Amino acid sequence: MVPRVVFGRGSFDQLDQILAEKRSSPKSPMIFLVDDVFSTNDVFVKRIPKRDRDHIIFINADNEPKTIQVDSLRETIFSRTAEVPEGIIGIGGGTVMDLAKAVAIMMTNPGSSADYQGWDLVKYPAVYHVGIPTISGTGAEVSRTTVLTGPKKKLGINSDYTPFDQVVLDPELTKGVDIKQWFYTGMDCYIHCIESLNGTYLNAFSKSYGEKALDLCREVFNKKVVDEQSQDELMMASWHGGMSIAYSQVGVAHAMSYGLSYLLGTRHGVGNCIVFDHLEEFYPEGVAEFKQMVKKHDISIPKGICANLSDEQFDTMIEVAMGLGPLWENAVGADWRKKVTPEKLRGLYEKM
Ligand code: NAD
Ligand code: ZN
C-alpha cells in the first residue's frame with residue numbers, strides 16, 4: 001500500500017513541506033518528472049517546489065513508457081546530478097507516474113529496466129518517490145506495478161518497491177484535461193471495477209473498494225458536465241479502483257488491450273474502450289452501461305483498427321494477450337485455456 005497520501009483541492013502546495021522532511025540536507029537533489037503539457041504553464045511550473053540542486057525534466061506523454069526510455073532517463077539524471085537523487089516526483093497521468101516509479105527503482109538497481117519486467121524481480125529498494133496525478137482513472141498512483149513496453153513484452157515491474165511512498169491527490173490539477181482523454185482514462189477506472197467485481201479473484205477487500213469506485217464512476221459519468229465535484233469524485237474513484245485491482249486482478253479488456261498496444265501502440269485508455277465495446281459475452285451489464293455512457297458524452301470509439309492486419313500481426317496480438325494468464329484466470333477461471341482459444345481472440349480482434 002501507499003503509506004502516505006494527502007487529498008484536497010490545492011494540496012499540491014503542500015509538496016514543498018512534504019519533500020523538506022525527506023531531504024537529508026537542503027542541498028540533496030530531487031528530480032521532478034513532469035508531463036510536458038505543463039511546460040508552457042508558467043504559473044504551474046512556478047508552483048513546483050524546485051530547490052537549488054533539483055531538476056525538472058519534462059516528459060512527452062504521447063507514447064506510453066518504454067524500458068529504453070526508463071534506462072535513458074536514468075543516464076540523463078546521473079549525468080546531471082552525479083549522485084543518486086534523494087527523490088523522484090512524477091507529476092502527470094499514468095504515463096509519467098509509471099515512468100517515475102520505474103526510474104526510482106532503476107536509481108538503485110543494476111542493468112536494464114527490462115530485466116525487472118515481471119513479478120518480484122527487483123533486488124534493492126527504490127529511492128523515495130512521490131506520485132501526483134493530473135488526470136484520473138488509471139489507478140497508477142496506488143498500484144504495485146509500472147507498466148512498460150520492453151524489447152520482448154509489455155509487462156509491469158510488479159514489486160513491493162514499486163508503489164509510491166507518498167501520493168498527492170489534488171483534483172484541481174485535472175482541470176485542463178480534454179473531454180475525450182477524460183473519458184478514455186476515466187473509463188479505465190470503470191473497466192477496472194467491472195473486471196475486478198466480475199472476476200474469480202474477487203474477495204471482500206477488493207469488492208469493497210471496487211463497489212465504491214463503481215458508484216463514484218456512475219455518479220461522474222451519468223452527469224453531462226465535468227464540474228469540481230466530479231473531478232474530486234473521479235480522482236477518488238481512480239484510487240479505489242486501483243486498490244480493488246491491486247487485491248484482485250483485471251480481465252479480458254486489459255489482456256486484449258495489451259495486445260493492441262504492443263502491436264499498434266494503441267494507448268491504454270482508448271485501447272480498453274475499443275476492446276470493451278465488444279465484450280458483451282464476458283461482461284453483459286458492464287458493456288451495456290458503457291455504451292450508454294459513450295452515447296451520453298458523445299464519444300466516438302475508434303473502429304476498424306484491425307482491418308488491414310496480416311495473419312502474423314493477429315498472431316502477435318493473440319500471443320501477447322494470451323501470455324497474461326492471471327488476467328484470464330481472473331476473468332474466466334483456472335480452466336480458461338479451454339474457453340479462450342486463439343481462434344476466439346482472432347474473431348474478437350477482427351471486430352475491432
Ligand atoms: P497519459 O498519462 O498517457 O496522458 C494522456 C494525455 O493526457 C497526455 O497527452 C497527457 O499529456 C495529457 N494530460 C495529462 N494530464 C493533463 C492535464 N492536467 N491537462 C491536460 N492534459 C493532460 O494518460 P493515462 O490514461 O493517465 O495513462 C496511461 C498510462 O498509464 C499507460 O501507459 C498505461 O499503461 C498506464 N497504466 C498504468 C497502470 C498502473 O497500475 N501502473 C494502470 C493503468 C494504466
Ligand atoms: Zn487499466
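Order of listing sets the numbers, starting from 1, for every ligand and every atom in it. What you are looking at is a predicted structure, and each value in this text was computed from that prediction instead of being measured.
Scored by the ring pair (Phe, Tyr, Trp, His ring centres under 6.0 Å) test, F7 finds no partners at all (sequence neighbours excluded). In this view, Y190 satisfies the ring pair (Phe, Tyr, Trp, His ring centres under 6.0 Å) rule with no residue, not counting sequence neighbours. Qualifying ring pair (Phe, Tyr, Trp, His ring centres under 6.0 Å) partners for F32, counting only residues two or more places apart in sequence or in other chains: none.
Ionic pairing of D71 and K66 is not present here: no N-O contact between side-chain nitrogen and carboxylate oxygen is shorter than 4.0 angstrom. Between R47 and D16 there is no salt bridge, since none of the side-chain N atoms of the basic residue sits less than 4.0 Å from a carboxylate O of the acidic one.
Around the Zn ion (ligand 2), the angle linking H254 (NE2) with D188 (OD1) is 100°, rounded to 10 degrees. Rounded to 10°, the angle formed at the Zn ion (ligand 2) by H268 NE2 and H192 NE2 is 170°.
Among the atoms of C189, no N, O or S atom is found under 2.8 Å from the Zn ion (ligand 2).
F290 pairs in a ring pair (Phe, Tyr, Trp, His ring centres under 6.0 Å) with only one of the listed residues (Y184, Y283, F276), which is F276.
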Can you give me a line-by-line list of nitrogen or oxygen pairs between ligand 1 and the protein shorter than 3.5 Å?
unit_1, atom_1, unit_2, atom_2, d
ligand 1, 2 (O), G94, N, 3.2
ligand 1, 2 (O), T95, N, 3.0
ligand 1, 2 (O), T95, OG1, 3.3
ligand 1, 3 (O), T95, OG1, 2.6
ligand 1, 3 (O), R267, NH2, 2.9
ligand 1, 11 (O), D35, OD1, 3.0
ligand 1, 11 (O), D35, OD2, 2.9
ligand 1, 15 (N), T134, O, 3.4
ligand 1, 15 (N), T134, OG1, 2.8
ligand 1, 18 (N), T134, O, 2.9
ligand 1, 18 (N), L173, O, 3.0
ligand 1, 25 (O), T185, OG1, 2.8
ligand 1, 26 (O), G94, N, 2.8
ligand 1, 27 (O), G94, N, 3.2
ligand 1, 40 (O), S143, OG, 2.6
ligand 1, 41 (N), D98, OD1, 2.8
ligand 1, 41 (N), D98, OD2, 3.3
ligand 1, 41 (N), S143, OG, 3.3
ligand 1, 41 (N), T145, O, 3.1

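Geometrically, K154 engages Y258 in a cation-pi contact, judged by NZ or CZ lying under 6.0 Å from the ring centre and within 45° of the ring axis.
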